[in-house]
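The structure under discussion appears below in the form of structure tokens.
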Amino acid sequence: MLRNDPHIGAPRSRVDGPAKVTGAAKYAAEFEAPNLAYGYVVSSAVARGRIAAIETSAAEAVPGVLRVFTHENRPRAAWFSSSYQDEVAPPGTPFRPLYDEKVYYSGQPIALVVAETFEIARYAASLIRAEYETEEHETDLKLARAHAYVPPKKRSGITPPPKPEGDAMKAYADAPVRVWGEYNHAPEHHNPMEPHASTVVWEGGGKLTVHDKIQGVQNSQGYVASVFGLSKDDVQVVSPFVGGGFGSGLRPQYQLFLAVMAAIDLERSVRVELTRDQMFTFTHRPATISTVMLGAEPDGRLVSLKHDAVQGTSQFEDYQETVVNWSSLLYHPKNIALSYQIAKLDTYTPGDMRAPGAPTGISAIECAMDELAHATGVDPVELRLRNYTDRDENADKEFTSKELRACYRLGAERFGWAQRKPEPRSMREGRELIGWGMASGVWEAYMMKTSARATLTLDGKLEVATATADIGTGTYTILTQIGADAFGLAMEDVTARIADSSLPKSPIEGGSWTAASAGAAVDAACRSVREKLFGYAQTMKGSPLAGATIDQVSFANGRVVLTTDPSRSVTIAEAMRAGGVDRIQAEETASPSLLTKTRYASYTHSAVFAEVRVDEELGQIRVTRVVNAVAAGKILNPKTARSQVLGGVVWGLSMALHEETFTDHNLGRFMNHNIAEYHIPVNADVHDIEVVFVEEHDDKVSPLGVKGLGEIGIVGTPAAIANAVFHATGKRIRDLPITIDKVLAETA
Ligand code: MOS
């Protein structure tokens, strides 16, 4: 056999799996340092106002306390807010911890106690007393929406809604069939298993090594350097493992600032780890209110589409998501009007949470489409096919590929959709009503400029390296596969090095772009090494490859082989010896194609089918089956890819039925800030989930034809489940999550 079986496209297990299950994998709060001190954060008890007085002497008197930092004695840090702007900050003034006496939200850090042990710091923190002068606060989006506004400055990467077309209101009024509804999404908080933490190692001579919970080490590095006036050479951020991010680790969080501040001031290593409660004191998925109006012909063909959304943001930043654009991307009648606004609340700035904007916006449009299916009597899948778009009419571009039709077809087949009885409440087993619902999903297929280095050594081992992260998605594994295939090596002969700020430049791991971007960069670096290796192989005296060109050879089993005559080959070691080297190294940068960016639109798609069983007397809902058919270009690793979609489906189920952060608007505080009361699904909530990857060839989206799929799994799932609940019960519940009280209270 000329080539080893390729690893790309094969279901390989995670190369970092053994380290994770044996505990060898270290997370930010697990790195040791000599003479480590521990910080504990004190949080504001009010939502808005100023700290009139803060009493720290009792805390300072506790033996073992090293220092108590407040706004009154905060060591020097950058003054201007622009210095605090990280790579992915939205427009506005980033939050500056302990900056002054102002309180912007409940839970804001107002003091840091640093002590010899975590327990001493925590105890001393309990002795700190603050007096506040409070001001009126607003945390209710339903009230604040009266002051909603179009963001004056758009957030980078977010496209404002497309311009209106036709006259959506008139067409709606004239339409034979009309549906409209207001869909509400509660705020949600990221709850990765690993809480946010930073261990800052004081290396002496002003140098810091930082272990931070972050989805992009170079983002933390840049932030620390800018805020504390350090050279990037003096700040190395190393975070090899991330215990889940989901967007909560895209931006440096306040524990990083506090830990670095304390380390510099005390000239000592410091760790600041947030508690689970404190995981509710920074970023979150914003509350969203969507209004959708659909006008259609009796056969379901849309004539008018209106989708308006408003989301909460903080007082200090204009956070934005893409919420409404998806609607006219999926369906594009002649008359369209979309709008997107944000409203200031006295909370921390919301942040990206898995597929930000999509499960919220798409739940609204896909539930509205289900209402239209019911109103017209057209099957929900058929309704979507009748309104299918073959181009991105928002941007007036062709798609690089769009196999959504195949998602509908294959998903429906696997699910057995043809057996569905259209009438709500028509399927039942014992005391349970059975409902089948479906929805579409769509998410952007991004590629970002990324650099990588490949190093091949005489012993036939390869290292590939880039500063990206692995937030549990499988980045280590796919980069290893790509490297191994470039030289026909075994997975064991390849090491992927990532998540160190000294490695070649990479953006944060987010937006589902890492496979396409870091993958392309590693592939390019490996190609470059191959060219050098081939050159050396040819210079060998009496080379069996003399006269061949690089496209006539293959790289397999540690050899460079003439493809048409495998008996003619040179080993990696022979080639390197011929070149007088013991390693070949290359660094390359992969950038998205300009042609693709200007001419084409690229998205991943999915069709989600869900079965629910609803206990009519108890209102309990079980999601017994989900089929998620995904078109995401080339699938590098069906095993890790499936895991990504499974996780997305579970989270979609959570958004549909479980997850919400409740706000006490009197106190202006998120109330259920713990996993006892913040409800997320457990194993018993998760039943049969099937992931189908639809074949999709795409030679434009990225060099490897990869689209990425970290986020698509969640997108259509909440709507599919909500539509299944309607089909089971005949009750249309437009406020997610659909909890028992709503099932029992709503009337049909
Ligand atoms: Mo993702 S929400 O871009 O980590």
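Heads up: numbering here begins at 1 and tracks the sequence. Whatever order the structure lists ligands and atoms in, that order sets their numbers, starting from 1.
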Give the contacting part of Pro356 toward ligand 1: side chain, backbone, both or neither, where contact means a heavy-atom distance below 4.0 Å.
side chain
So, regarding [X] and ligand 1 (criterion: nitrogen or oxygen to nitrogen or oxygen, under 3.5 Å), is there a contact or not?
X	value
Gly511	yes
Gly247	yes
Gln215	yes

Check each of Thr475, Asp470, Thr480, Ile498 against Asp16 using the side-chain contact (heavy atoms from CB on, under 4.5 Å) test, and report the only one that passes.
Asp470
Apply the side chain to side chain donor-acceptor pair (under 3.5 Å) test between Ser314 and each candidate in Thr93, Thr349, Thr283; give the one that qualifies.
Thr349
[X] ring center near [Y] ring center (under 6.0 Å):
X	Y	result
Tyr104	Phe316	yes
Phe280	Tyr348	no
His658	Tyr678	no

So, the side chain of Glu194 versus the backbone of Val242: is there a donor-acceptor pair under 3.5 Å, distance only?
no
May I have the step-by-step check of side chain to side chain contact (heavy atoms under 4.5 Å, CB included) for Asn325 and Tyr340, ending in yes or no?
CA-CA 9 Å; Asn325 306 24; Tyr340 176 72; 5.9 Å; no
With a 4.0 Å cut-off on heavy atoms, does Gly245 reach ligand 1?
no
Residue, atom and distance of the protein heavy atom nearest atom 1 (Mo) of ligand 1 read Glu711 OE2, 3.5 Å
Closest non-hydrogen protein atom to atom 2 (S) of ligand 1, residue and atom name please, with distance?
Arg354 N, 3.3 Å
Rounded to the nearest 0.5 Å, the NZ atom of Lys213 sits from the NE2 atom of His196 at a distance of 4.5 Å
Which atoms of ligand 1 are found less than 4.0 Å from any heavy atom of [X]?
X	answer
Phe246	2 (S), 4 (O)
Met353	2 (S)
Gly510	3 (O)
Asp352	2 (S)

